[in-house]
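Worth knowing before you read on, the calculation uses all heavy atoms, side chains too, and leaves out hydrogens, waters and symmetry mates. Since we're looking at a predicted model, the values are computed, not measured.
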Amino acid sequence: QVQLVESGGGSVQAGGSLRLSCTASGYKYRFNCMGWFRQAPGKEREGVATIYTGGINPVYVDSVKGRFTISQDRATNTVYLQMNSLKPEDTAMYYCAADDGAAFGAYCYTEGLEYKLWGQGTQVTVSS
């Protein structure tokens with residue numbers, strides 16, 4: 001059974017850093033697209049960062065540009081989200097997602113509806 005296993009969430013103070021990891025287990029191939037999404041209480045799900053695993057073309061939502069970095073380890077089918085300079089407004093449940101059909105050219109959509117496989121989520125809480 002293919003599943004996405006996330007780790008790395010936690011609680012930090014504003015200005016701190018966290019690194020999230022997501023590994024696609026039970027899948028011997030590589031998904032074309034993997035990404036991170038988040039949902040805060042009372043808000044809609046938001047695409048944070050996605051990466052086309054066949055290249056190096058990350059896509060970020062404007063609010064995290066310059067602070068977050070998505071990267072991948074193709075050998076282990078793992079994608080990471082390095083989050084620096086965290087702000088209270090980054091507080092949310094963060095979800096990893098993957099799909100082969102979420103690519104446009106060498107980039108990946110940040111719209112969650114394009115992704116069929118989801119992880120269980122990991123909580124990130126940033127205090128002021």
Strictly below 4.0 Å, N to O, side chains only: are Lys87 and Asp90 in salt-bridge contact? no

Is there a side-chain contact between Leu4 and Met34 (heavy atoms, below 4.5 Å)? yes

Any donor and acceptor pair, going by atom type alone, linking the side chain of Gln72 with main-chain N or O of Arg74 inside 3.5 Å? no

Group every Ile, Leu, Val, Met, Phe, Trp and Tyr by side-chain heavy-atom contacts under 4.5 Å, then state whether Val59 and Ile51 land in the same group. no

Check the pair Glu46, Ser63 against side-chain contact (heavy atoms from CB on, under 4.5 Å), reporting the backbone distance first and the verdict last. CA-CA 11 Å; Glu46 174 185 46; Ser63 61; 4.1 Å; yes

Any chance you could measure Glu44, atom CD, to Gln39, atom CD, to the nearest 0.5 Å? 8.5 Å

Are a donor atom and an acceptor atom from the side chains of Thr23 and Thr78 found within less than 3.5 Å of each other? yes

Assess whether atom OH of Tyr107 is packed by more than 12 heavy atoms of other residues, nucleotides or ligands within 6.0 Å. no

Compare every heavy atom of Ser25 with every heavy atom of Val5, then report the nearest pair and how far apart it is. CG2-OG, 4.2 Å

Hphob cluster co-occupancy, Tyr95 + Leu20, side-chain heavy atoms under 4.5 angstrom: no

Backbone of Thr91 reached by a side-chain donor or acceptor of Thr125 within 3.5 Å: no

For the pair Tyr115 and Phe37, name the ring-plane relationship: parallel under 30°, tilted 30 to 60°, perpendicular over 60°. perpendicular

Aromatic plane relationship, Phe68 with Tyr94 - under 30° parallel, 30 to 60° tilted, over 60° perpendicular: tilted

Shortest non-hydrogen contact from Gln123 to Met93? N-SD, 3.5 Å

Can a donor-acceptor pair be found, under 3.5 Å and without considering hydrogens, that links the side chain of Thr69 to the backbone of Gln82? no

Rounded to the nearest 0.5 Å, what separation is found between the OG1 atom of Thr76 and the CZ atom of Arg30? 11.5 Å

For Arg38 and Ala92, the nearest pair of non-hydrogen atoms, with its separation, is CB-CB, 3.8 Å

So, for Ala14 and Ser128, which heavy atoms are closest and what is the spacing to 0.1 Å? CB-CA, 4.3 Å

Kindly compute the distance separating CG (Asn32) from OG1 (Thr53), expressed to the nearest 0.5 Å. 5.5 Å

Donor-acceptor under 3.5 Å (Glu6 side chain, Gly121 main chain): yes

Can you check whether Val79 reaches Trp36 side chain to side chain, under 4.5 Å on heavy atoms? yes

Heavy-atom distance under 4.5 Å between the side chains of Thr50 and Tyr109, does that happen here? no

Path from Leu81 to Tyr52 over hydrophobic side-chain contacts below 4.5 Å: no

Between the main-chain N or O of Gly9 and the side-chain N or O of Thr122, is there a donor-acceptor pair closer than 3.5 Å? yes

Has Ser21 got a side-chain atom pairing as donor or acceptor with Tyr80's backbone, closer than 3.5 angstrom? no

Report yes or no: do Leu117 and Ile70 belong to one cluster of Ile/Leu/Val/Met/Phe/Trp/Tyr joined by side chain heavy-atom distances under 4.5 Å? yes

Quick note, disulfide (SG to SG under 2.5 Å) partners involving residues 26-84, not counting sequence neighbours, are Cys33-Cys108

Any side-chain heavy-atom pair from Tyr29 and Asn77 closer than 4.5 angstrom? no

